[in-house]
**Student:** 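A single structure is presented below for examination.
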Amino acid sequence: MSLNFIEEIVEEDNRTGKWEGRVHTRFPPEPNGYLHIGHAKSICLNAGLARKYNGTFNVRFDDTNPAKEEQEYVDSILRDVAWLAGDVAKDRVFFASDYFGKMYEYAETLVKAGKAYVCDLTPEQMREYRGTMKEPGKESPGRKRTPDENLELLRRMKAGEFEEGTYTVRAKIDMASGNFNLRDPVMYRIVKAHHHRTGDTWAIYPSYDWAHGLEDSLEKITHSICTLEFENHRPLYDWFLNELGLYHPQQIEFARLNLTYTVLSKRKLLELVSGRHVRGWDDPRMPTISALRRRGYPAAAVRAFCDEIGVTRVDSVIDVGRLENAVRGDLNRTAERRMAVLKPLKVVIENWPDGTTEALDAVNNPEDEAAGKRKVPFGKVLYIERDDFMENPPKKFFRLSPGREVRLRYAYFVTCKEVKKDAAGNVTEVVCTYDPATKGGDSPDGRKVKATLHWVAAETAATAEVRLVDRLFNVESPEGDDYLKNLNPKSLELVSDAKLEPSLATADVGRVFQFERLGYFNVDLDSKPGKLVFNRTVTLKDAWAKEQAKGEP
RNA sequence: UGGGGUGUCGUCUAACGGUAGGACAGUAGCCUUUGACGCUACUUAUCCAGGUUCGAAUCCUGGCGCCCCAGCCA
C-alpha cells in the first residue's frame, strides 16, 4: 500500500526526528454551519493520521467571528465528529476563544516591536490602498504612528471605545507584495456582537490569519493540514510565528473534496435550508454528515470512502457513485434482509386453502450466517411489486406475466393464470396458482424459473411511509450562481402505503435493512410505533433498470 | 496582468530514471432462491514541443490548459 503525500511527510519527519516523533493533528471547524462530506474527508485524514502514527488529534472550534457563529453549530459538529471518528477527540475539544487573552498579549508584543499598527482607513479606503495585481498597494497613514501611539489606540479598541469599521490592527509587512495576504493584513477588527462563549467581554476579534497559527502553536500541533485555498496564506502563517519566535507547526495543504450531483459550499447549504428547499440540515438529501447519518449511511462506509479517494494536491471531482458504492459495500455485509413491497399489486393464489397461513423460513443475511433466520407468513392474498408484473412483457423482461411461472422468494413457484382490470384498463389483481411441491422455493423436479420475486402477505402486512430519497441535483456539476435551477424535482418521492413483512413493525429508529431487490432502507427519526417511516438509504444496483434505460435517448 | 498551485484511462489514484499498475464507471460473459453480492475477460491515459540519457510520466528548457488570491469571512 503506497503512502499519500502527507503520510510521506509525516514518515520523513519521524525519520529525521523533526518533532521528536510526535504526530499531532487537528480539525478546526468554524461553528457557522453543519459539517458536510467534505469535512468528513478532513476529519478522516487528520484523525486517521493521529491513529496511524500513534499521535494526538484535537477538535478546535475556530470561533473568531461572533457575527456568524452559534452554539447549535458547536453541538452538531461535536455529534458529527464523534459519530465519524469515535472518541478519539474525547477530552480534546478546544476553542480559539479560550486563547483570545494570549492572542491579545502577542498583538501588544508586535505593536511594541513596531511590527503591527492601528489603521484608521475605512473599509473602502483599505480596498483602494491594497492596490491591484498589477499595481502595488499604498501604505496606510497608521504605519507612521509610533509604537506608543499604536499601543494606546489598540487598548482603546479593546476597551470598546470605537465603533465597528473605524479602526483595525494590521501587521506591517509589505504593501508591494505579489501576495495580497502580505499587504499589511488585518489582525483585529472591531465587532460589537455577542459571542456564544465569551459573551460581551471582547470588542475586538482576531482575524483567521492572525489567530490560526497561534491556535496551532499553543496546542503544539505538528502538522497543520488545510485545504489548497489557504496555500497563499502560508507565508503569513509563517511570518507571525517567526516574528513572535513561537513554536511553529508546518502547514500542509491538500485538495478539498468535490462530488458530482452535489453542492458543498456552506453558503449554498445554508440557502437550501433557509430557503426551505429541503426540510432541514439533516434532510436525508443533504450532503451534511448529520443527513448522511439520518439517511442510514454507516460511519464506517464514509470512512472507507474517504480512504478510497486518496489525498492529493490536484483539484478533482469524485463521482458520487463512489460514495454510494461504499455504502452498499458496507451494508451488504451488515444489513439484515427483509421483504417490503413499495408499489403493491394484489395477487390471489386461487388454489391456496381459504383462511390458512403458513410461516416460512427466510435467511436474514446471506453474507453473515450468524444473523440467523426468521419466519415470514404466507397466505392466499399477497402483494408483489407492480414493476414485477407486465401483461405484455418485452423480450428481456423475465418476471411475472400471463402464463409464466416465477418463484416467490422462500415460498413457492407460482404461475399467472388470469389478470383482472378496472374500467380504465389498469391491472388491479393477478390470479395465480402455486405448486405445493416447491415449498421453500426449490423444485424437486429441477425445473427452473427465470425470476425470483419478493412479496408480502396481505393479512399480516405492516404499513409504512417510505421516503424514496434521490440525488438533490439532476446535473453532474450543479455549482454556479443558478444552482437552484438544477434541483432535482424528484429528489424525494413519498410512498404512503408500502407493505412490509410483519417483523419490520417493531424496528428501532436508525436500524438499516435491505429490502430485497429494492435497496437499503432505514427507520427514520420521524418513525413512531404504529406509524413507521423509512428512508431509502441507497438503491441496489439494478441491471434491469439499466437495460431499460438503453432504449431511451 | 502580479503572486501561488496543478496537469497520468471517462473519473479518482499509483509508479520517486528501468514492464504505465489499481479502483470506480463502461462493455461482454459466468454464477445466482435478490436482474443484488461474487467471479472472468476486454476497451481506454502520461497536456504540447524540444533537450539530456542506453532508457523519461519522472530530469532540463520553452509553451499551453485549469484552479486559488485584491473580506475588517474562514
Side-chain angles (χ1 to χ4, degrees), chain A residues 1-4 8 28-30 32 62-65 67-69 119 121-123 126-128 130-137 164-170 176-183 185-191 204-205 207-209 211-212 226-235 253 255 260 266-267 308-319 321-322 325-326 328-329 332-333 337 339 362-363 366-367 396-399 406-411 413 438 440-443 448-454 476 514-519 539-547:
Chain A
M1 190 63 188
S2 58
L3 304 175
N4 67 47
E8 281 178 357
E30 184 189 13
N32 68 345
D62 212 358
D63 53 350
T64 57
N65 185 357
K68 290 186 177 176
E69 297 155 6
C119 172
L121 257 26
T122 65
M126 198 181 290
R127 199 179 320 119
E128 288 163 24
R130 189 152 27 230
T132 65
M133 287 180 189
K134 255 186 137 147
E135 302 293 327
E164 288 189 14
T166 53
Y167 289 98
T168 57
V169 180
R170 299 174 70 181
S177 173
N179 182 343
F180 287 107
N181 297 122
L182 299 178
R183 319 249 262 222
V186 170
M187 295 164 58
Y188 279 101
R189 73 283 208 195
I190 297 169
V191 181
I204 57 174
Y205 288 87
S207 63
Y208 167 86
D209 287 307
H212 205 88
C226 60
T227 45
L228 247 27
E229 66 268 28
F230 291 100
E231 180 150 37
N232 294 330
H233 296 247
R234 187 171 22 149
E253 310 84 18
T260 58
K266 274 194 179 182
R267 196 201 98 224
E308 287 161 13
I309 59 175
V311 180
T312 66
R313 292 173 60 86
V314 185
D315 285 311
S316 63
V317 183
I318 308 288
D319 184 343
R322 298 277 295 266
N325 273 338
R328 289 188 189 100
N332 178 50
R333 292 186 300 275
R337 316 280 121 134
M339 290 197 285
V363 173
E367 307 286 323
K396 290 184 178 170
F397 182 90
F398 43 83
R399 279 111 94 143
V406 299
R407 174 168 37 233
L408 295 183
R409 184 149 225 229
Y410 299 127
F413 283 17
T438 58
D442 284 309
S443 59
K448 302 281 187 202
V449 289
K450 294 265 287 192
T452 300
L453 309 186
H454 62 279
E476 204 173 289
Q514 184 193 107
F515 290 176
E516 295 220 20
R517 303 207 306 131
L518 296 175
T539 61
L540 250 27
K541 285 194 195 157
D542 188 345
W544 169 238
K546 207 159 144 184
E547 184 64 40

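Chain letters run A, B, ... following the sequence lines, proteins first, then strands; residues in each count from 1.
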**Student:** Measure from the side-chain N and O atoms of R328(A) to the backbone N and O of G519(A), and report whether any donor-acceptor pair falls under 3.5 Å.
**Tutor:**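 No, because the side chain of R328(A) does not come within donor-acceptor range (under 3.5 Å) of the backbone of G519(A).
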
**Student:** Rounded to the nearest 0.5 Å, what separates atom CZ in R189(A) from atom OG1 in T168(A)?
**Tutor:**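 Rounded to the nearest 0.5 Å, the CZ-OG1 separation comes to 11.0 Å.
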
**Student:** Could you work out the separation of rA56(B) and rC60(B) based on their P atoms and round it to a whole Å?
**Tutor:**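 15 Å, rounded to whole Å.
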
**Student:** Under the side-chain hydrogen bond (donor to acceptor under 3.5 Å, both in side chains) rule, collect the residues that match up with R407(A), sequence neighbours excluded.
**Tutor:**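 In terms of side-chain hydrogen bond (donor to acceptor under 3.5 Å, both in side chains), with neighbours along the sequence ignored, R407(A) is linked to T452(A).
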
**Student:** Establish whether the base of rU34(B) is bridged to the side chain of Q514(A) by a donor-acceptor pair shorter than 3.5 Å.
**Tutor:**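 Side chain to base: pair found, below 3.5 Å.
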
**Student:** Should the side chain of R399(A) and the base of rG35(B) be counted as holding a donor-acceptor pair, with the cut-off at 3.5 Å?
**Tutor:**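 Check passes, donor-acceptor contact within cut-off.
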
**Student:** Of all heavy-atom pairs between V363(A) and R337(A), which one has the smallest distance, and what is that distance?
**Tutor:**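 The pair with the smallest heavy-atom distance is O-CB, 4.3 Å.
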
**Student:** On a whole-Å scale, what distance lies between the C1' atoms belonging to rA57(B) and rA45(B)?
**Tutor:**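 Those two atoms are separated by 10 Å.
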
**Student:** Measure the distance from CD on E135(A) to P on rG3(B) and round it to the nearest whole Å.
**Tutor:**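 My rounded result for the distance is 14 Å.
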
**Student:** When the distance from CG of L453(A) to C1' of rA36(B) is rounded to whole Å, what number comes out?
**Tutor:**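 In whole Å, rA36(B) C1' lies 14 Å from L453(A) CG.
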
**Student:** Contact class for K396(A) vs. all strands (heavy atom < 4.0 Å): base, sugar-phosphate, or nothing?
**Tutor:**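 The answer is base, as K396(A) lies within the cut-off (heavy atoms under 4.0 Å) of a base atom.
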
**Student:** Taking only the P atom of each, what is the distance from rG65(B) to rC48(B) in whole angstrom?
**Tutor:**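 Result for the P pair: 15 Å, nearest Å.
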
**Student:** If the C1' atom of rU58(B) is compared with that of rG7(B), how far apart are they to the nearest Å?
**Tutor:**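 Here rU58(B) and rG7(B) have their C1' atoms 14 Å from each other.
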
**Student:** Measuring only the P atom in each nucleotide, how far is rC64(B) from rA25(B)? A whole number of Å is fine.
**Tutor:**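 That atom pair is separated by 39 Å.
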
**Student:** Describe the nucleic acid contact of T260(A) in one word from base, sugar-phosphate, nothing, applying a heavy-atom distance below 4.0 Å.
**Tutor:**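 Since no nucleic acid heavy atom lies under 4.0 Å of T260(A), the category is nothing.
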
**Student:** If you compare all heavy atoms of R399(A) against all heavy atoms of V406(A), which two are closest, and at what distance to 0.1 Å?
**Tutor:**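 That would be C-CG1, 3.8 Å.
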
**Student:** Do any side-chain nitrogens or oxygens of R517(A) fall under 4.0 Å of OP1 or OP2 in rG35(B)?
**Tutor:**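 Yes, R517(A) has a side-chain N/O under 4.0 Å of OP1/OP2 on rG35(B).
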
**Student:** Is it the case that the side chain of E135(A) and the backbone of G131(A) share a donor-acceptor pair, with hydrogens and angles ignored and the cut-off at 3.5 Å?
**Tutor:**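 Side chain of E135(A) to backbone of G131(A), a donor-acceptor pair under 3.5 Å: no, none is there.
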
**Student:** Quick check: on RNA chain B, is the nucleotide nearest I318(A) upstream (toward 5') of the one nearest G441(A), or the reverse? Name the residue that is more 5'.
**Tutor:**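 It is I318(A), whose closest nucleotide lies nearer the 5' terminus.
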
**Student:** Rounded to whole Å, how long is the line connecting atom CG of L182(A) with atom P of rG2(B)?
**Tutor:**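 Rounded to whole Å, this separation is 18 Å.
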
**Student:** Within this structure, what is the NZ-OG distance for the pair K448(A) and S443(A), rounded to the nearest 0.5 Å?
**Tutor:**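 Result: 7.0 Å between the selected atoms.
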
**Student:** Could you check whether any side-chain N or O of R234(A) sits under 3.5 Å from a backbone N or O of F230(A), counting only pairs where one atom can act as donor and the other as acceptor?
**Tutor:**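 Judged by distance alone, no pair lies under 3.5 Å.
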
**Student:** Given a 3.5 Å cut-off on both pairing distances, which stems involving RNA chain B, each at least three consecutive Watson-Crick or G-U pairs, are present, if any?
**Tutor:**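 Stem list for RNA chain B: B:2-7 with B:64-69, B:10-13 with B:21-24, B:26-30 with B:38-42, B:47-51 with B:59-63.
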
**Student:** Would you kindly give the CD-to-P distance between E308(A) and rC24(B), to the nearest whole Å?
**Tutor:**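 It works out to 8 Å between those atoms.
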
**Student:** I need the minimum non-hydrogen distance between R183(A) and T132(A), along with the two atoms involved.
**Tutor:**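 Nearest heavy atoms, R183(A) then T132(A): NH2-O, 2.8 Å.
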
**Student:** How would you summarise protein contacts on nucleotides 67-74 of chain B per nucleotide, using B for base, S for sugar-phosphate only and - for none, with heavy-atom distances below 4.0 Å?
**Tutor:** SBBBSBSB

**Student:** Within the pair K541(A) and rA25(B), is there a side-chain N or O less than 4.0 Å away from OP1 or OP2?
**Tutor:**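 Answer is yes, contact under 4.0 Å.
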
**Student:** Taking OP1 and OP2 of rU27(B), is either one under 4.0 Å from a side-chain nitrogen or oxygen of K546(A)?
**Tutor:**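 For K546(A), the contact criterion (side-chain N or O under 4.0 Å from OP1 or OP2 of rU27(B)) is met.
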
**Student:** Looking at every strand, decide which applies to R313(A) at a 4.0 Å heavy-atom threshold: base, sugar-phosphate, or nothing.
**Tutor:**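 The residue R313(A) makes sugar-phosphate contact but no base contact.
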
**Student:** Checking all strands, does V363(A) fall into the base, sugar-phosphate, or nothing category for heavy-atom contacts under 4.0 angstrom?
**Tutor:**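 If one applies the 4.0 Å heavy-atom cut-off, V363(A) turns out to touch nothing in the nucleic acid.
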
**Student:** Within the 4.0 Å heavy-atom criterion, would you say F413(A) contacts the bases, only the backbone, or no part of the nucleic acid?
**Tutor:**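 Counting heavy atoms under 4.0 Å across all strands, no contact is made by F413(A).
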
**Student:** With rounding to whole Å, what would you report as the distance between rG4(B) and rA14(B) at their P atoms?
**Tutor:**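 To the nearest whole Å, 25 Å.
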
**Student:** If you find the nucleotide of RNA chain B closest to K134(A) and the one closest to D319(A), which residue's nucleotide is nearer the 5' end?
**Tutor:**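 The 5'-side residue here is K134(A).
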
**Student:** Rounded to the nearest angstrom, tell me the gap between atom CZ in R322(A) and atom P in rA25(B).
**Tutor:**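 In whole Å, rA25(B) P lies 9 Å from R322(A) CZ.
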
**Student:** Nearest heavy-atom pair of F398(A) and A451(A): which atoms, and what distance?
**Tutor:**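 Scanning both residues, the minimum pair turns out to be O-CB, 2.9 Å.
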
**Student:** Could you tell me how far rU40(B) sits from rC24(B) if I compare only their P atoms? Round to whole Å.
**Tutor:**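 It comes out at 11 Å once rounded to the nearest Å.
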
**Student:** As a test of the definition: with a 90° window around 0 for syn, would you call rG38(B) syn or anti?
**Tutor:**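 Judged by the O4'-C1' to base torsion, rG38(B) sits in anti, the angle falling more than 90° away from 0.
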
**Student:** To the nearest angstrom, how far is E547(A) atom CD from rA28(B) atom C1'?
**Tutor:**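 Whole-Å distance recorded here is 13 Å.
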
**Student:** In terms of side-chain heavy atoms of R337(A), which of rU27(B), rC12(B), rU34(B) is nearest?
**Tutor:**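 Selected nucleotide: rU34(B).
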
**Student:** Quick check for you: among rC24(B), rC12(B), rA15(B), whose closest atom lies nearest to any side-chain atom of I309(A)?
**Tutor:**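 Taking heavy atoms from C-beta onward, the closest nucleotide is rC12(B).
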
**Student:** Quick check for you: among rA14(B), rU34(B), rA25(B), whose closest atom lies nearest to any side-chain atom of N325(A)?
**Tutor:**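 Nucleotide nearest to N325(A)'s side chain: rA25(B).
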
**Student:** Output yes when a side-chain donor or acceptor of S177(A) lies under 3.5 Å from a complementary backbone atom of N179(A), and no otherwise.
**Tutor:**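 Checked: pair present.
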
**Student:** By the 4.0 Å heavy-atom rule, please label E8(A) as base, sugar-phosphate, or nothing.
**Tutor:**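 Base: the residue E8(A), judged by heavy atoms under 4.0 Å, touches a nucleobase.
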
**Student:** Determine the interatomic distance between C1' on rC16(B) and the same-named atom on rU34(B); round to the nearest Å.
**Tutor:**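 It works out to 47 Å between them.
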
**Student:** Distance check needed: rG38(B) C1' versus E367(A) CD, whole Å only.
**Tutor:**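 Atom-to-atom, E367(A) to rG38(B), this comes out as 8 Å.
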
**Student:** Does F398(A) reach a base, just sugar-phosphate, or nothing at all? Heavy atoms under 4.0 Å.
**Tutor:**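 Answer is base: heavy atoms of F398(A) come under 4.0 Å of a base.
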
**Student:** Looking at every heavy atom in both D209(A) and H233(A), which two are closest together, and how far apart are they?
**Tutor:**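 Closest approach of D209(A) to H233(A): OD1-ND1, 2.7 Å.
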
**Student:** N332(A) has an atom CG; how far is it from atom P of rC39(B), in whole Å?
**Tutor:**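 Distance, rounded to whole Å: 11 Å.
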
